[in-house]
Peer 1: 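Have a look at this one.
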Amino acid sequence: MILVSEKNAIPISVEATLKSGQVFHWDPLPDDSWVGLIGDHLARVSEKNQRLVIEQGTPEILHRYFALDHPLAQIYAAFPKDVLSQESLALCNGLRILRQPRWECLATFITSSMKQVAHIRSMSIAIRNHLGTPVEGSPHPAYPSFERLACSNEKTLLDCGLGYRAANLLQTARILAEGTINLETLDKLSTSELRTALMTLPGVGVKIANCVLLFAYERLDAVPIDVWVHRILIAMRKGRDGTPTQLANYARRRLGPYAGYVQQYLFHRARTEKKKPRDSAKAN
DNA sequence: CTCCAGGTGAGTC
DNA sequence: GACTCACATGGA
């Protein structure tokens, strides 16, 4: 067991990070640790005094994946001062934007459109079970490479519950397998050029492109606007709706240089608040 | 049973 | 650019 610590405090909330809807395949264990794969690298982590405890896995890989180098203090100082943003900050303290493997992130978000988080997870696991490579000690196989998926077929993906998303994932995998687009070298592009490049792929619009920018390319100012964030932005504008462009501009101005981080805290708070009012009536 | 979900793309103005 | 619609599936 390795306790990752550094000179400066590195708070992390493993639970908030892994349950905030940026990644979908990690499993909680009875001893309060979490097990999951980073690519095909098996990892098991827990948390002690807001520090990441590595129960299993290579420290360098985990350090990078959990983004322990992100300057959280600086990011928090840049949070907007309104009540909702500060409340989200308090509730999700230690939530980190992961550095996910590119293809895995792109693929799972292609399957995410018009789907609840719970079902995105079940599709991800179904794809792993049908097409992935087993890893010793992991509850689920590794996510299949795009080469592997490109050799697959639509029927297999329909069996994984993808519905109309099956064709998009398959075509995207085939484009990547052709080599016309290289997800790794795309990293050299500016955020706006990278967004445009990602959006040429079938099933990738502006929202999913922004998810991939934020979760796999470290573009911390990218703001995915889904139905939840859309509602939050309207509330921040005192009930005033707007066109996609207007709301995107508003989010960028209002949420600041780490807008993607702020967005993730707002999103996670909104979703966890929604689930609550259930056990309160029973208590007396 | 009805409602909704981390949207996208095609058609149209 | 912005608006409208169809698109599959399963959990609440």
Side-chain angles (χ1 to χ4, degrees), chain A residues 16-26 88 92 95 97-98 100 104-127 129-130 153-173 175 192 195-217 219-220 222-235 240-252 255 259-279:
Chain A
T17 300
L18 295 179
K19 288 177 75 173
S20 65
Q22 39 178 335
V23 70
F24 306 93
H25 66 281
W26 286 76
S88 305
C92 310
L95 190 167
I97 302 288
L98 299 167
Q100 295 185 45
E104 209 175 295
C105 179
L106 171 63
T108 55
F109 276 97
I110 283 176
T111 68
S112 77
S113 88
M114 294 298 292
K115 277 296 179 188
Q116 295 178 43
V117 168
H119 194 223
I120 301 170
R121 173 180 165 86
S122 81
M123 288 184 291
S124 161
I125 290 170
I127 290 171
N129 285 333
H130 278 80
N153 55 71
E154 200 168 324
K155 206 245 168 217
T156 305
L157 295 178
L158 287 173
D159 288 343
C160 297
L162 296 209
Y164 66 84
R165 305 156 196 80
N168 289 333
L169 183 58
L170 191 59
Q171 286 175 50
T172 291
I175 290 169
S192 142
R195 182 183 295 111
T196 304
L198 289 171
M199 286 173 66
T200 64
L201 296 166
V204 182
V206 66
K207 188 272 173 181
I208 288 173
N210 278 325
C211 284
V212 179
L213 284 170
L214 181 60
F215 302 139
Y217 285 91
R219 310 303 166 104
L220 302 183
V223 181
I225 301 179
D226 71 325
V227 290
W228 292 88
V229 177
H230 185 250
R231 284 195 288 260
I232 292 166
L233 291 174
I234 291 174
R240 198 162 54 89
D241 201 350
T243 68
T245 316
Q246 287 172 329
L247 289 177
N249 288 336
Y250 175 81
R252 185 166 44 75
L255 304 186
Y261 249 96
V262 180
Q263 168 278 147
Q264 194 65 15
Y265 280 55
L266 292 167
F267 173 79
H268 188 51
R269 179 206 156 276
R271 289 191 62 251
T272 48
E273 280 302 289
K274 195 74 177 184
K275 291 179 190 168
K276 265 190 186 170
R278 183 157 307 197
D279 37 11

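In what follows, every chain begins at residue 1, and chains take the letters A, B, ... in the order their sequences are listed.
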Peer 1: Would you mind classifying the nucleic acid contact of A:V229 as base, sugar-phosphate or nothing, using non-hydrogen atoms under 4.0 angstrom?
Peer 2: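 The residue A:V229 makes base contact.
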Peer 1: Do A:K207 and A:D226 have side-chain heavy atoms sitting under 4.5 Å apart?
Peer 2: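 Yes - at least one pair of side-chain heavy atoms lies under 4.5 Å apart.
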Peer 1: Distances under 3.5 Å between protein N/O atoms and the N/O atoms of nucleotides 11-13 of chain B, please, pair by pair.
Peer 2:
none

Peer 1: Please tell me if the side chains of A:P224 and A:L214 come closer than 4.5 Å, counting only heavy atoms from C-beta onward.
Peer 2: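 Counting from C-beta outward, A:P224 and A:L214 do come under 4.5 Å.
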Peer 1: Would A:N168 and A:R165 count as having a side-chain donor-acceptor pair, cut-off 3.5 Å?
Peer 2: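 No, no side-chain donor-acceptor contact under 3.5 Å.
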Peer 1: So what does A:L157 touch, heavy atoms closer than 4.0 Å: a base, only the sugar-phosphate, or nothing?
Peer 2: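 Touches nothing.
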Peer 1: Does A:T245 place a side-chain N or O at less than 4.0 Å from the phosphate oxygens OP1/OP2 of C:dA2?
Peer 2: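 Checking C:dA2 against A:T245, a side-chain N or O does come within under 4.0 Å of OP1 or OP2.
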Peer 1: Between A:Q22 and A:V204, just flag the one whose closest nucleotide in DNA chain B comes earlier from the 5' side.
Peer 2: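 First, find each residue's nearest nucleotide; the 5'-ward one identifies A:Q22.
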Peer 1: Would you compute the distance between atom OG of A:S122 and atom NE2 of A:H119 and round it to the nearest 0.5 angstrom?
Peer 2: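 One finds 3.5 Å between OG of A:S122 and NE2 of A:H119.
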Peer 1: Work out how far the C1' atom of B:dA5 is from that of C:dA8, and round it to whole angstrom.
Peer 2: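 Their C1' atoms lie roughly 12 Å apart.
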Peer 1: Taking only side-chain N and O atoms of A:T243, does any of them lie within less than 4.0 angstrom of OP1 or OP2 on C:dA2?
Peer 2: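 Checking A:T243 against C:dA2: at least one side-chain N or O falls below 4.0 Å of OP1 or OP2.
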Peer 1: Distances under 3.5 Å between protein N/O atoms and the N/O atoms of nucleotides 1-5 of chain B, please, pair by pair.
Peer 2:
{"unit_1": "B:dA5", "atom_1": "OP1", "unit_2": "A:R231", "atom_2": "NH1", "d": "3.3"}
{"unit_1": "B:dA5", "atom_1": "OP1", "unit_2": "A:R231", "atom_2": "NH2", "d": "3.4"}
{"unit_1": "B:dA5", "atom_1": "O3'", "unit_2": "A:K115", "atom_2": "O", "d": "2.8"}
{"unit_1": "B:dA5", "atom_1": "O3'", "unit_2": "A:Q116", "atom_2": "N", "d": "3.3"}
{"unit_1": "B:dA5", "atom_1": "N3", "unit_2": "A:M114", "atom_2": "O", "d": "3.1"}

Peer 1: Taking N and O atoms by type only, does the side chain of A:Q246 place a donor or acceptor under 3.5 Å from a partner on the base of C:dG1?
Peer 2: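 Such a pair does not exist between side chain and base.
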Peer 1: Rounded to whole Å, please give me the gap between CG in A:L198 and C1' in B:dG7.
Peer 2: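 Going from CG in A:L198 over to C1' in B:dG7 covers 15 Å.
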Peer 1: From CD1 of A:I120 over to P of B:dG6, roughly how many Å is that when rounded to an integer?
Peer 2: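 Between P of B:dG6 and CD1 of A:I120: 6 Å.
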Peer 1: Taking for each residue the nucleotide of DNA chain B bearing the nearest heavy atom, is the 5' side occupied by A:F215 or by A:N168?
Peer 2: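 Checking each residue's closest nucleotide, the 5'-ward one belongs to A:F215.
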Peer 1: Of all the heavy-atom pairs spanning A:D159 and A:H130, show the shortest one and how long it is.
Peer 2: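 Heavy atoms only, the tightest pair is CB-NE2, 4.2 Å.
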Peer 1: Mind checking if A:T111 touches a base, just sugar-phosphate, or nothing, with heavy atoms under 4.0 Å?
Peer 2: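 Nothing, no heavy atom under 4.0 Å.
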Peer 1: So, the side chain of A:S124 versus the backbone of A:I120: is there a donor-acceptor pair under 3.5 Å, distance only?
Peer 2: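 Such a contact is absent between A:S124 side chain and A:I120 backbone.
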Peer 1: Minimum heavy-atom separation for A:L247 to A:L233, with atom names?
Peer 2: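 For A:L247 versus A:L233, the nearest heavy atoms are O-CD1, 4.0 Å.
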Peer 1: May I ask you to say what A:G161 touches in the nucleic acid, namely base, sugar-phosphate or nothing, with a heavy-atom cut-off under 4.0 Å?
Peer 2: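 If one applies the 4.0 Å heavy-atom cut-off, A:G161 turns out to touch the sugar-phosphate alone, with no base involved.
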Peer 1: Figure out the CD1/P separation between A:I97 and B:dG6, and round it to whole Å.
Peer 2: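 Result: 16 Å.
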Peer 1: A:I175 versus A:T200: any side-chain heavy-atom pair under 4.5 Å?
Peer 2: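 The answer is no; the side chains never approach within 4.5 Å.
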Peer 1: What integer distance in Å separates A:H119:NE2 from B:dG6:P?
Peer 2: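 After rounding, the reported distance stands at 12 Å.
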Peer 1: Nearest-Å distance, NE2 (A:H230) to P (C:dA2)?
Peer 2: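 So the NE2-P distance, A:H230 to C:dA2, works out to 12 Å.
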Peer 1: Counting C-beta onward and ignoring hydrogens, is there a side-chain heavy-atom pair between A:I110 and A:V204 closer than 4.5 Å?
Peer 2: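 With C-beta onward as the side chain, the pair touches.
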Peer 1: Using the P atom as the reference point in each nucleotide, state the distance between C:dA6 and B:dG6 in Å, no decimals.
Peer 2: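 About 22 Å, rounded to a whole number of Å.
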Peer 1: A:S113 or A:S122: which one's nearest nucleotide on DNA chain C is closer to the 5' end?
Peer 2: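 It is A:S113 whose nearest nucleotide is closer to the 5' end.
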Peer 1: For A:R271 and A:K19, work out which heavy atoms get closest and say how close.
Peer 2: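 A:R271 and A:K19 have their closest heavy atoms at NH1-O, 4.1 Å.
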Peer 1: Rounded off to whole Å, could you give me the CE-to-P distance for the A:M199 and B:dG7 pair?
Peer 2: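 Distance check: A:M199 CE to B:dG7 P gives 15 Å.
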Peer 1: Distance check needed: C:dA2 P versus A:I225 CD1, whole Å only.
Peer 2: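 Interatomic distance, CD1 of A:I225 to P of C:dA2: 12 Å.
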Peer 1: Out of A:L169, A:T156, A:L170, which residue meets the side chain to side chain contact (heavy atoms under 4.5 Å, CB included) rule with A:L162?
Peer 2: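 Of all the options given, the one that passes is A:L169.
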Peer 1: I'd like to know if A:Y164 reaches the base of B:dG7 with its side chain such that a donor and an acceptor end up less than 3.5 angstrom apart.
Peer 2: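 Result: at least one qualifying N/O pair found.
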Peer 1: Return the value, rounded to whole Å, for the distance between atom CD of A:E154 and atom C1' of C:dA8.
Peer 2: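 Distance check: A:E154 CD to C:dA8 C1' gives 12 Å.
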